[in-house]
J.: 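A single structure is presented below for examination.
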Amino acid sequence: MLSEDALSTTASPGRLRLDTLVRLRWLAVIGQSVAVAGVHFGLGFSLPFGLCFLLIAVSAWLNIALRIRYPMSHRLSLWPATGLLAYDLTQLAGLLYLTGGLQNPFAILFLAPVLISATSLPPRVTMALGALSALYATALIFWRRPLPWSPGETLELPFVYIIGIWTAITLGIAFTAIYAWRVADEARSLAQALSATEFVLAREQHLTQLDGLAAAAAHELGTPLATITLVTKEMAREAPPGSPLAEDITLLREQVERCRGILGKLTSLGADGDAGPMEQLSLSHLVEEVAGPQRPFGVPITVTRDGVDPQPVCRRNPGVIYGLGNIVDNAVDFARNAVAIEERWNDQFVEIVVRDDGPGFAPDVLLRIGEPYVTTRGAGQRHADEPASGLGLGLFIARSLIERTGAVITTSNAPAPATGAVVAIRWPRQAFERDVAAT
């Protein structure tokens, strides 16, 4: 239903903005400066003040150089972003080396660059930065200067306690990185899937507009065709018997009648309601419109109806047509022998149930049906030679478009001993006919 080329969205992370890193580094520079100055001048503790501010100044100079070299709207490619975050880890490790190593409570800041990477860069980069953080934290256990303390006093924490700090930092890096990556990845997937939904809806609305233009053209062409018909009748009456033009006039009249028949079909499609041409569909017409394009694929599609006339009527909705078509398309793909579509209605509800006799939904997929990038494509595909290249957006888009009209979609597997997937779409009848009633 939706080509892979038309939606070239992926779940890959976006590129990191330079402005984000520069602003965060300025915060780090200010915080580090306040901390070093406060310990040295406020608390009166002895520490290598000059070396500490030299490392802080390098970060400030780097920020200034980046501001001059690049516009703030610049987005960093993978390796420059990785290099800048690795520098931040290195600079922090240098400051911690000068101020007590892991005994310094600010050692927890090792988490910050890894967290930024987890939200914006691929997992392999985050793993590399996490490993670098763990390496620096390990080195600071054994190589460090004394923790700044009161003159004449030395504070040395027990080795076991320092190992506990190291464990907390490394586990914190792992947990926060995984958590941040999952949250950011879900947000990216949802945003990309919603963009795909908007693309599909815009395309279907465009097709509907073309339908309206076709109907309007049919109406406008009716008058000139009537004139041509009248002229050809006059020409046929006035042409002498046996004239060489008689055969051409007869052909012309036949073609005019053919054109009038085609235009009559176009205009008659919307003649059953007060809405514009081609704007209203009965339930059976809606089902046939989504099932018809799937019939040539060799899988029989049977339609059954259960309800008392008159049938419910809805306004043509491109989103609903696309969504139902996607569900039927999936059923045809996975069916072994047949697909069944059931139409049910009464005074309270309108329901369409799509069943196939394929393998059904896998248990892990059934729990997540309707989420973006959850694909059911795989070994059960109708064509064994097709690659399993689905984006997993089809059911998400279908669900989003259909539920927007007030429907509730439920998915399940057929009860044993039967096999296959069952997708039921149910509207309150008032919601199904709402747009028609409004017109």
Side-chain angles (χ1 to χ4, degrees), residues 1 204 208 211 265 268-275 277-358 360-361 369 394-395 398-399 401-415 417-439:
M1 298 294 294
E204 295 299 321
T208 300
D211 289 342
K265 291 180 181 179
S268 66
L269 290 176
D272 58 346
D274 296 329
M278 306 173 67
E279 281 296 307
Q280 284 192 0
L281 290 173
S282 65
L283 179 61
S284 60
H285 288 157
L286 173 64
V287 170
E288 185 57 36
E289 181 156 342
V290 299
Q294 304 299 328
R295 296 188 187 278
F297 293 117
V299 177
I301 300 177
T302 59
V303 180
T304 59
R305 299 179 179 88
D306 181 12
V308 179
D309 288 337
Q311 289 190 32
V313 177
C314 68
R315 189 179 180 89
R316 177 183 293 274
N317 186 315
V320 171
I321 293 172
Y322 175 85
L324 291 174
N326 196 289
I327 292 172
V328 174
D329 176 62
N330 277 342
V332 171
D333 278 351
F334 289 96
R336 292 191 178 98
N337 299 304
V339 171
I341 303 177
E342 302 170 10
E343 304 171 12
R344 302 170 184 165
W345 71 89
N346 58 26
D347 293 338
Q348 302 299 320
F349 69 87
V350 176
E351 186 175 43
I352 299 174
V353 181
V354 181
R355 304 176 184 269
D356 64 68
D357 59 353
F361 295 112
I369 285 293
L395 286 176
R399 192 175 201 126
L401 295 177
I402 294 175
E403 289 184 345
R404 185 180 296 178
T405 64
V408 175
I409 300 178
T410 56
T411 54
S412 62
N413 288 325
T419 61
V422 180
V423 180
I425 306 99
R426 173 177 285 210
W427 291 265
R429 181 154 183 165
Q430 184 179 6
F432 186 81
E433 298 182 321
R434 178 177 55 227
D435 292 337
V436 173
T439 58

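Only this structure's heavy atoms are used, side chains among them; waters, hydrogens and symmetry mates stay out.
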J.: Looking at every heavy atom in both V353 and A424, which two are closest together, and how far apart are they?
T.: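 In terms of heavy atoms, the two residues are closest at CG2-CB, 4.1 Å.
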J.: Nearest 0.5 angstrom please: S282 OG to W345 CH2, how far?
T.: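 Output value for this atom pair is 9.0 Å.
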J.: Please, which pairs that meet salt bridge (Lys or Arg N to Asp or Glu O under 4.0 Å) have at least one residue in residues 303-313, sequence neighbours excluded?
T.: R305-E343
J.: Are any non-hydrogen side-chain atoms of V408 and F349 less than 4.5 angstrom apart?
T.: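 Not in contact.
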J.: How long is the span from the OG1 atom in T304 to the CD1 atom in I341, to the nearest 0.5 Å?
T.: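 Answer for the OG1-CD1 pair, T304 versus I341, is 9.0 Å.
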J.: Kindly indicate whether the side chain of N346, heavy atoms from C-beta on, has any atom under 4.5 Å from the side chain of V308.
T.: no
J.: Which atoms form the tightest heavy-atom contact between G292 and P296, and what is the distance?
T.: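 In terms of heavy atoms, the two residues are closest at O-CD, 3.5 Å.
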J.: Under the side-chain hydrogen bond (donor to acceptor under 3.5 Å, both in side chains) rule, collect the residues that match up with R295, sequence neighbours excluded.
T.: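 Listed in chain order: E288.
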J.: Minimum heavy-atom separation for R429 and P310, please, with both atom names.
T.: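 Heavy atoms of R429 and P310 come nearest at NH2-O, 3.4 Å.
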J.: Once side-chain contact (heavy atoms from CB on, under 4.5 Å) is applied, do any residues pair with A414, and if so which ones, sequence neighbours excluded?
T.: A418, V422
J.: Going by the rule side-chain contact (heavy atoms from CB on, under 4.5 Å), which residues pair with A331 if we only count those two or more places apart in sequence or in a different chain?
T.: V339, V354, D356
J.: For W427, which residues count as a ring-ring contact (aromatic ring centres under 6.0 Å, His included) partner, sequence neighbours excluded?
T.: F432
J.: Looking at residues at least two apart in the chain, or sitting in another chain, which of them share a side-chain hydrogen bond (donor to acceptor under 3.5 Å, both in side chains) with S412?
T.: none
J.: Between I402 and I327, is any pair of side-chain heavy atoms under 4.5 Å apart?
T.: yes
J.: Only counting residues at least two apart or in another chain, list the ones meeting side-chain contact (heavy atoms from CB on, under 4.5 Å) with E403.
T.: R399, I409
J.: Test your reading of the model: is there a side-chain donor-acceptor pair from R355 to the backbone of A340, 3.5 Å cut-off?
T.: no
J.: Starting at CZ of R434, measure out to CZ of R315 and round the result to the nearest 0.5 Å.
T.: 12.5 Å
J.: In Å and rounded to the nearest 0.5 Å, what is the CD to CD1 distance from E289 to I321?
T.: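 Atom-to-atom, E289:CD and I321:CD1 are 4.0 Å apart.
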J.: I need the T411 OG1 to N330 CG distance, nearest 0.5 Å.
T.: 11.5 Å
J.: Kindly give the heavy-atom pair with the smallest separation between Q311 and E433, and that separation in Å.
T.: O-OE2, 4.4 Å
J.: In Å, rounded to the nearest 0.5 Å, how long is the span from NE2 of H285 to CD of Q280?
T.: 12.0 Å
J.: Flag the pair I425 / V320 as yes when at least one side-chain heavy-atom distance between them is below 4.5 Å, and no otherwise.
T.: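 No. Closest side-chain heavy atoms not under 4.5 Å.
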J.: Which heavy-atom pair separates P428 from G406 by the least distance, and what is that distance?
T.: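 What the structure gives for the nearest pair is CD-O, 3.5 Å.
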